[in-house]
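Here the structure comes first, spelled out in structure tokens, and everything after it is commentary.
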Amino acid sequence: MSTPKILVTRRWPQETLDRVAEVGDVTFRDPDTTMSQDEFMAAAREYDVIMPTVSDKIPAEFYPAAKGKVKILASYGVGYNHIDVDAARANDIAVTNTPDVLTDCTADLAMGLLLTAARRIGEGERETRAGKWEGWRPTHMIGKKVSGATLGIVGFGRIGQAMAKRAHFGFGMKIVFQDAWEVPDDIKAAAGNATQLSSINEVAAHSDFLSLHCPGGADTFKLINAEVFGAMKKGCILVNSARGDVVDEDALFDALDSGKLTAAGLDVYMGEPALDPRFLKYENIVLAPHLGSATDGTRNAMGHRAIDNLEAFLAGEKPRDLVS
Ligand code: DGY
């Protein structure tokens, strides 16, 4: 390929924009909004490389239209459920993502959501800001004890393991988890002697807190549904920093109403950034705006990782994070 025409769909941290500018003939799309379907269809015939993010929704018609023109979707973000990997492969479009570099920050955020939901920090802050705090008293804003409780993890990949380490080594939590792969003993030991259980329902039944770390997409759509909430230990707290579509939101509200679920700490939502208006009615849901990887170091590292992948691809090498 001579000088590749590259489209960066969203605003990235400046140092990574400066670096990608050196890689080819780059269009930095402005405004900083998700690409429309029409824009994707136009880009399909114009660019050799598209660098989308997890918030870009790529239409099904894009892939055949881009065949022979777009060579790679070098995505910024670890999740790639916004990309139809099979369609990309069928149309000779490579796909890369940016794992590893956001593991710690995403697990930090999940732990923060767990603590905030358990100890009612969001509610407390709202009360204080509203000038409604009436002072210390033994029965004021009682939360749920975190230290020593059991944390259930759904999805025991990099971020699930990092969450387990924080919870076990930081807060003395017992770890149980579910994952489709048989996790080797050394990984379980390093993650706080975590115990693998055979099903999500079993994990839910044993857990005081349930944290989701599985990928999004068709395989995990509404994985956490009425059946799982039904199996849950009463008073459980749910944390979701994975993908919104993993949780059946109707079932979530039912579980909160029935008291099965005490609280939830959420970073992601079905159809985000639009939120089901019911979310705003519940004081016991912590609502974060998809902040898992949002730290300066990590967002830079994600950009550099996407560019590393692209440079390898353009050099005819196998990119480190080739998804397909
Ligand atoms: C990802 O990368 O998949 C996160 O959801 C955003 O950082």
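We number each residue from 1, following the sequence as shown. Read the numbers this way: they start at 1 and go in the same order the structure lists the ligands and their atoms. Every value quoted in this text rests on a predicted model; they were computed, and no experiment measured them.
- Judged purely by distance below 3.5 Å, without hydrogens or angles, the side chains of R243 and T220 never pair a donor atom with an acceptor atom.
- Under the 6.0 Å distance and 45° angle rule, K67 does not count as a cation-pi partner of F62.
- Contact annotation: the side chain of I307 never approaches that of Y76 to less than 4.5 Å [non-hydrogen atoms, C-beta and beyond].
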Could you give the side-chain donor-acceptor pairs of residues 92-99 under 3.5 Å, partners two or more places apart or in another chain?
from : atom 1 : to  : atom 2 : distance (Å)
N97  : ND2    : V78 : O      : 2.8
T98  : OG1    : G77 : N      : 2.9
T98  : OG1    : G77 : O      : 3.3

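- Side chains of S75 and H82: a donor on one and an acceptor on the other come within 3.5 Å.
- In this pair, Y269 and F279 present their aromatic rings perpendicular. The plane angle is above 60°, beyond the 30 to 60° band.
- At a heavy-atom cutoff of 4.0 Å, ligand 1 is surrounded by V54, G77, V78, G79, L102, R243, H290, S293, M302.
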